[in-house]
There are 2 protein chains.
Amino acid sequence: MKKQTPTLRDIARETGVHVSTVSRALNPVTGTSITDDVVKRIKEAADRLGYRPNRLAVGLRTNRTMTVGLMIPDITNTIFPPILRGVESVLEPLGYAVIIVNTDSMAAREHQLVDVLRERGVDGIIHAAVLRDDPKIIEVVRGGTPVVTVNRRIEGEGIPSVVNDDALGVRLVLGHLYDEGHRRIAHVAGPANLSTGQFRRKAFKSAATEMGLKLPAKAIQQAKRFDEAEGRRCTEALLDSWNPTAILCANDRLALGALEVLEERGIECPGEISVTGFNDMPFLDRIRPGLTTVRIEQFGVGQESARLLVRMMTEPETTAPSETILPVRLIKRGSVAPPPAE
Amino acid sequence: MKKQTPTLRDIARETGVHVSTVSRALNPVTGTSITDDVVKRIKEAADRLGYRPNRLAVGLRTNRTMTVGLMIPDITNTIFPPILRGVESVLEPLGYAVIIVNTDSMAAREHQLVDVLRERGVDGIIHAAVLRDDPKIIEVVRGGTPVVTVNRRIEGEGIPSVVNDDALGVRLVLGHLYDEGHRRIAHVAGPANLSTGQFRRKAFKSAATEMGLKLPAKAIQQAKRFDEAEGRRCTEALLDSWNPTAILCANDRLALGALEVLEERGIECPGEISVTGFNDMPFLDRIRPGLTTVRIEQFGVGQESARLLVRMMTEPETTAPSETILPVRLIKRGSVAPPPAE
DNA sequence: TCGCTATTTGCAATCGATTGCGTTTCGACT
DNA sequence: AGTCGAAACGCAATCGATTGCAAATAGCGA
């Protein structure tokens, strides 16, 4: 019952020195100015009592909480857990704790959650859910809190971001489809308010143009969200207005929606129409047909962004790279085949 | 630059009263003993300045941090994200933040992470990763920190737990298999050091016995972990030593491993052998064959455990129910069919 | 009009750790 | 032997908010 967590004061009493001495002794930096003998006695007492510094008190005094906020749209979206693990893998050993918040991609919630994080005095924020235009987070950055964005980016504010090589990814799938003989390739694009959506769409357009593909306006359908339902909607619109031989989707969930529609309509994939995704979420290798997609380094993105953030938090004077691009890989599975002979 | 976050002192200066008055005015409870007029002025000043209480300071003083720890084995395991969302859905509106730690089911890491949480003064812990025997967490509980366990439980310590109705789940699948005509039903059991593993195994045994099924020792293979690799290993052992017509796996990942082995060996599922899982993780409806499994209320479990924890944190005097059992449902898909005629 | 009780508000200690500055101690040098 | 200076440690303020207690003000009855 009396087992209250010990404080510096307890150790001080135990060893007969002043709390400030204890504080210094326990800190490797300031510990040098304390007699070795005393340091030893203090350290012994400390772990005899099972001392653990009170992070609240430290944070209050030093204004560093050793916590960072991680903002994501939705942890149940399978691409985010690996990112979290990546982030933790570098942050946890350094003594940082991570507070995760799910924004559900809603601006209002995001603003609110930013405040939640600020109240708690996070030392930095890893933001994997930014909208392209996001005044709130810009305000935070201006307030001096280190922020790095993941997967997406905010334009023109110089906020460091860690992203996947979307352009390369799109180019890879498109090239693959082209090589298989496809010439009428449609695109189910992601939401316009997310940088990934916009970016992949642009990449698709320019790559397609370079390859000399015809691109009628109806070849590109814009999803409002990155989910299966929108994938279905867009695919239906596509099939009703055009006759593509392949559908390049801006992410896997859209592609799953596309596959559903094809199956419902009795259109064979890949026999009649090929489909591709983006992200390589888990289990895509187990569905039928296996989805050809682009694998992104989720864990790596998490790690990289965390490293970057640590650097920004601990060495504010150095300027961080404004953009870190991680490699992607084409993963070929069963959902792509040559188009039917015409 | 000068935009430091405002404190009580700032508001006090602004309104010409003492900080203690401001503190009281902003707290709904103590606010009643302050003149309405003054309260109003203070509140106005507060949100004019954009005041947000400093959680660290509050926590230091009151010993309540409004944070809770969530311990899980691994967030990339798809059953945990919904649990997290469930937890957040009740905690966030109440002003709690959640710190998540991944134990990877390793006792050493778990101990370490418990300390991490304690340093940060969490008000309570939701523990979805307990081992059956877990001295560290028991110590925490004895220290007075509210803890509730999820999905698993610790025996004989009276720690409240929220679990799924494992026994019913096992009974449902087993009954289903029986009804389809299966009589030689094998079980790939979960790890013995996890209560789910042990519990489902017991349920399997007693239900099978009740139904009058023969259960040779080799009918039950024990996995060391809840993953695909162990599912494979156990299934291979099973096939090499017995000839079951159905394999009831203690969870979906084990079942996925089983399906892999069957496919490799050219054994048809469900034609020759039926397979079932447990948990109903996402995408099981998209694989071939769709996996028949037991759906558990992941989100609900999260919610329920959070509600329970809140109650324990805010009303320590009331005794919490020591066990909350949530319903499960049998989900029939393609992986079960009548056994081949002999 | 005086005094007594409520009602409001202020004062100051407190939570636990950090840190600038002051004091003491002790060895070294002239 | 006396002085100087560095090394080692103590003192006390501080971070921002809460809260028991004291003080001041108001309100009320006699």
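For the numbers below, each heavy atom of this structure counts, side chains included, while hydrogens, waters and symmetry mates do not. Each chain gets a letter, A, B and so on, in the order its sequence line appears, and its residues count up from 1.
- The base of dC9(D) has none of its N or O atoms less than 3.5 Å from a complementary donor or acceptor on the side chain of S20(A).
- Contact of the V140(B) side chain with the L117(B) side chain is not registered, since no non-hydrogen atoms from C-beta on lie closer than 4.5 Å.
- Across all strands, T7(B) comes closer than 4.0 Å only to sugar-phosphate atoms, never to a base (heavy-atom distances).
- Positionally, the nearest nucleotide of DNA chain C for T32(B) lies more toward the 5' end than for the other of T32(B) and T30(A).
- Taking atom CD1 on I11(B) and atom P on dG10(C), their separation rounds to 14 Å, with Å as the unit.
- As judged by a 4.0 angstrom heavy-atom cut-off over every strand, V22(A) is placed among residues making no nucleic acid contact.
- Residue-level contact check: T62(B) touches the backbone only, with heavy atoms under 4.0 Å from sugar-phosphate atoms and none from bases.
- Listed pair T35(B) / dT9(C) meets the phosphate criterion, a side-chain N or O lying under 4.0 Å from OP1 or OP2.
- Checked for salt-bridge contact, R153(B) and E323(B) meet the test: a charged N lies under 4.0 Å from a carboxylate O.
- Here T21(A) does not reach the OP1 or OP2 of dA8(D): none of its side-chain N or O atoms lies under 4.0 Å away.
- For the pair V58(B) and H18(A), both in contact range of DNA chain D, the more 5′-proximal nearest nucleotide belongs to H18(A).
- Atom-to-atom, CG of N54(A) to P of dG16(C) comes out at 7 Å; the value is rounded to the nearest Å.
- Looking only at side-chain heavy atoms (C-beta outward), L60(A) and N54(B) come within less than 4.5 Å of each other.
- Taking 3.5 Å as the limit, the base of dG10(D) and the side chain of R24(A) contain a donor-acceptor pair of atoms between them.
- A salt bridge links D104(A) to R85(B): at least one charged side-chain nitrogen sits closer than 4.0 Å to a carboxylate oxygen.
- Put simply, CD1 on I42(A) is 13 Å from P on dA17(C), counting in whole angstrom units.
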